[in-house]
Structures are given as C-alpha cells and as structure tokens.
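Below you'll find the structure, written out as structure tokens, and then a few comments.
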Protein chains: 2
Amino acid sequence: MLPKNELREHIFSILREHDHRLTPQREAVVEVLIENSDAHLSAENIFMQTKHNYPDIGLATVYRTLELLESLGLVHKFEYGDGQSRYEVNQSADDHYHHHLICVKCGGIGEFKDDLLDEIEHAIAKETGFRVTDHCLRFFGICSECQAEPGENSDDD
Amino acid sequence: MLPKNELREHIFSILREHDHRLTPQREAVVEVLIENSDAHLSAENIFMQTKHNYPDIGLATVYRTLELLESLGLVHKFEYGDGQSRYEVNQSADDHYHHHLICVKCGGIGEFKDDLLDEIEHAIAKETGFRVTDHCLRFFGICSECQAEPGENSDDD
DNA sequence: GTTTATGCAAAACATTTGCAGCCTT
DNA sequence: AAGGCTGCAAATGTTTTGCATAAAC
C-alpha cells in the first residue's frame with residue numbers, strides 16, 4: 001500500500017517503461033484515480049472529475065486511459081451488474097486484493113481484506129489442475145447502517 | 001442438484017405459484033437453459049438455441065424471460081467483464097453456489113464447489129457488521145489443458 | 001520531425017421499452 | 001373475455017472507433 005505520491009510516480013514510471021507518453025490528460029486521470037482510491041468510480045464519474053482539472057478532456061480519452069492502465073495492471077476494472085464498469089487504482093505493487101461488500105439497499109461499497117482465498121486457490125490447484133492467477137470476490141448484502149435504519153435509506157448516491 | 005425433469009417441473013411450478021403464464025416461449029428458453037446447464041450462455045446464445053425449437057421467438061422475449069427467472073431465483077446472472085451477461089440455471093434448490101474458474105487463455109469456464117466462504121462471511125459480519133446475503137467468486141488463471149499445450153491453444157470458441 | 005495521443009462525432013454493442021395484437025388462463 | 005405475454009422496432013446507455021489535428025518524444 002504505497003502513499004499517494006509514490007503511487008503516482010510508480011504509475012508514471014510504468015507508463016514510461018512501456019513507451020507510453022505522459023500527457024496532461026493521463027496525468028489528470030491518474031490524479032483523480034489516486035484522490036478517489038477508496039471510491040469505486042465509473043468511467044463517467046472519472047470523466048466528470050477529471051474535467052475539473054482538465055476541462056477539455058474527452059470521454060473517449062478517459063476510456064482509453066483506463067484501458068491502458070488496466071492493461072498495465074495499474075487499475076482494476078470490475079462490474080456490479082448494473083451495466084457500467086467501475087475502476088480503482090491498484091494501491092499496492094503486489095497481487096493482494098481486497099473484496100467488495102456491496103449493499104443492495106443503499107448501493108454503498110465497503111471493503112474487506114482477507115487471505116482465506118489462498119486456501120481455496122490451493123484446493124483448486126490440487127483438485128482441478130487450474131493455475132489461479134487472479135480472483136474477484138464480491139459479497140452482496142445489507143450494510144450495518146442500512147440494517148440500523150428501518151426503511152428510509154434506499155438511495156445514498 | 002435435481003435431475004433435469006424434476007428441475008423443469010420445479011421451474012414451471014414456481015412460475016405458476018407466482019401467477020406467471022406458462023408460454024411455449026418460456027418453456028423453450030427453460031429447455032435450453034436446462035440442456036446447457038453446464039455451459040455459461042449469453043442472452044444471444046440462448047436466443048439462437050431457442051430458435052431451433054421456437055423459430056419465431058424474439059430476443060426481447062429471451063431477455064424478459066431471463067429477467068423473470070432471475071427475479072425468482074431460478075437463474076443466476078453474472079458477467080466476466082467482456083460486456084455481456086451470462087446465465088445459468090440454479091440447479092439446486094438451496095443457496096449454495098459453485099465458483100467459476102475462468103481460463104484467460106482459452107476462455108473456457110470450469111467450476112469449483114467450496115464452502116470456505118462461510119468462514120469469510122462470518123468474519124465479515126463480525127468485523128464490519130455487514131450482513132452477507134449472496135456472493136460472487138471467480139478465479140482467473142490457466143486451465144490444466146492450456147498449461148499442457150505450449151502456446152497454440154489461444155482460441156477454442 | 002515522427003509517431004502517438006487526443007477530441008469529436010458516429011458507430012457498435014448489449015439491453016430495455018412502447019405498443020398493437022395474440023394467446024394463456 | 002381479460003390480462004398478461006409476445007414480436008417488432010425504436011430507444012437507451014455504455015463503450016469503442018475513425019479520422020483529422022495537436023502534442024510528446
């Protein structure tokens with residue numbers, strides 16, 4: 001889990017390493033991703049936020065940047081099933097990944113860190129021969145806040 | 001894990017219970033889902049296959065049927081991240097669910113049954129107060145067949 | 001100076017919806 | 001007979017792409 005300025009430099013150096021140009025648009029998108037590393041933004045969200053620092057950026061550039069960062073393993077892309085993808089920076093250099101706790105009532109997204117999957121991955125390798133390189137685990141349910149409130153909290157976007 | 005004919009009757013009776021009509025289109029879609037319960041079909045796939053038995057069916061009807069079956073808990077809908085949803089019948093009456101092993105080389109999808117998630121869900125409840133009602137776990141990696149073949153097998157669609 | 005990256009607009013794509021007519025109940 | 005269900009086509013919403021221009025190297 002790198003601090004923000006190291007994470008930014010890390011991303012820039014990976015881009016350079018792979019002969020990608022460092023444009024102000026890319027810097028601006030990376031900035032938004034880093035400043036919102038705890039949120040789970042859609043491309044549209046990222047687009048809107050990036051416009052604050054770089055008003056002329058186009059949505060297509062945001063998509064292309066996110067695709068590039070994902071291909072370099074710098075960003076994780078995932079979906080809830082609501083039709084739009086969400087993105088988040090990969091905050092650590094290693095593979096360990098937190099899991100998402102998605103509240104079906106308020107739409108909020110929490111996180112949970114855990115290493116029990118290692119056991120499952122070993123069991124998979126042993127029983128099926130499948131070599132696991134990555135995983136995606138999401139839990140759906142009711143967050144503690146929505147459990148506390150009887151019924152009024154149904155949209156906290 | 002019900003046998004096919006019982007599963008079919010189970011689905012039909014749930015439909016009746018909820019006052020939904022049993023149309024030949026719905027029967028045809030259910031038939032395709034049951035006959036391909038080990039595959040992970042997209043809506044388009046299901047549409048094409050259903051046309052064999054019921055050539056006049058429309059794609060919208062397939063989507064509406066899948067949505068209905070999903071709302072009744074009879075079908076699971078999930079996504080790999082390639083932009084289209086996949087569907088599979090819920091073969092057992094209970095909540096237990098297998099996880100997907102997605103080969104990033106050949107695109108094949110295996111399955112793995114496991115109950116270790118229960119432990120994680122308990123840990124989540126204890127540490128965060130989040131009440132888990134469902135989960136989705138997918139593993140990405142290389143299947144045993146692709147590991148065996150040095151490099152030629154990259155598209156077995 | 002080259003080559004890549006950008007912005008715009010149009011295209012592509014999966015999915016949803018409106019509506020008149022049909023079919024299950 | 002009445003209502004839900006269907007097929008078609010149009011609409012929607014997200015993501016991708018073509019192309020001329022602009023910017024990074």
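Numbers restart at 1 for each chain; the letters A, B, ... are given by sequence-line order, proteins then strands.
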Send over the distance from [X] [atom1] to [N] [atom2], rounded to a whole Å.
X: B/Ile46; N: C/dA14; atom1: CD1; atom2: P; value: 14 Å
X: A/Tyr87; N: D/dT14; atom1: OH; atom2: P; value: 12 Å
X: A/Leu69; N: C/dA5; atom1: CG; atom2: P; value: 12 Å
X: B/Phe78; N: C/dA14; atom1: CZ; atom2: P; value: 17 Å
X: B/Leu15; N: D/dC5; atom1: CG; atom2: C1'; value: 13 Å
X: B/Glu67; N: D/dG4; atom1: CD; atom2: P; value: 16 Å
X: A/Leu66; N: D/dT14; atom1: CG; atom2: C1'; value: 13 Å
X: A/Tyr54; N: C/dA5; atom1: OH; atom2: P; value: 14 Å

Q | DNA chain C contacts among residues 22-36 of chain A, heavy-atom distance under 4.0 Å | A |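 Within residues 22-36 of chain A, the residues near DNA chain C are A/Thr23, A/Gln25, A/Arg26.
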Q | Carboxylate-amine/guanidinium proximity below 4.0 Å for A/Lys77 and A/Glu67 | A |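 Salt bridge flag = no for A/Glu67 with A/Lys77.
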Q) Does B/Glu35 pair with B/Lys4 as a salt bridge, N-O distance under 4.0 Å? A)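 Answer for the salt bridge query: yes.
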Does [N] have its OP1 or OP2 closer than 4.0 Å to a side-chain nitrogen or oxygen of [X]?
X: B/His20; N: D/dG4; value: no
X: A/Ser85; N: D/dT15; value: yes
X: A/Tyr63; N: D/dT16; value: no

Nearest-nucleotide pick for [X], side chain only, options being [options]:
X: B/Arg64; options: D/dT6, D/dT15, C/dT15; result: D/dT6
X: B/Ala60; options: C/dT15, D/dC8, C/dG7; result: D/dC8
X: B/Thr61; options: C/dT6, D/dC25, D/dT6; result: D/dT6

Does [X] reach a base, just sugar-phosphate, or nothing at all? Heavy atoms under 4.0 Å.
X: B/Ser42; result: nothing
X: B/Leu59; result: base
X: B/Phe47; result: nothing
X: B/Asp19; result: nothing

Just how far is it from atom [atom1] of [X] to atom [atom2] of [Y], taken to the nearest 0.5 Å?
X: A/Leu69; Y: A/Asn90; atom1: CG; atom2: CG; answer: 11.0 Å
X: B/Phe47; Y: B/Leu66; atom1: CZ; atom2: CG; answer: 12.0 Å
X: B/Leu101; Y: A/Ile124; atom1: CG; atom2: CD1; answer: 5.0 Å

Q: Examine the side chains of A/Ser42 and A/Gln84 and answer whether a donor and an acceptor come within less than 3.5 Å of each other.
A: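 Side-chain D/A pair, A/Ser42 to A/Gln84: present.
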Q. Does the side chain of B/Glu88 pick up a donor-acceptor pair with the side chain of B/His76 at under 3.5 Å?
A.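 No, no side-chain donor-acceptor pair sits under 3.5 Å.
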(Q) Suppose we call two aromatic rings close when their centres sit under 6.0 Å apart. Are A/His40 and A/Phe78 close by that rule? (A)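 Yes, the ring of A/His40 comes within the 6.0 Å limit of the ring of A/Phe78, centre to centre.
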Q) Which sits closer to the 5' end of DNA chain C, A/Thr65 or B/Gln84, going by the nucleotide each is nearest to? A)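 Between the two, 5'-proximity favours A/Thr65.
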Q) Which residue lies toward the 5' end of DNA chain C, B/Gly83 or A/Leu68, if each is placed at its nearest nucleotide? A)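 With B/Gly83 and A/Leu68 compared, the 5'-side residue is A/Leu68.
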Q. Ignoring hydrogens and angles, are the base of C/dT3 and the side chain of A/Arg21 linked by a donor-acceptor pair under 3.5 Å?
A.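 Indeed, a donor on one side and an acceptor on the other fall under 3.5 Å apart.
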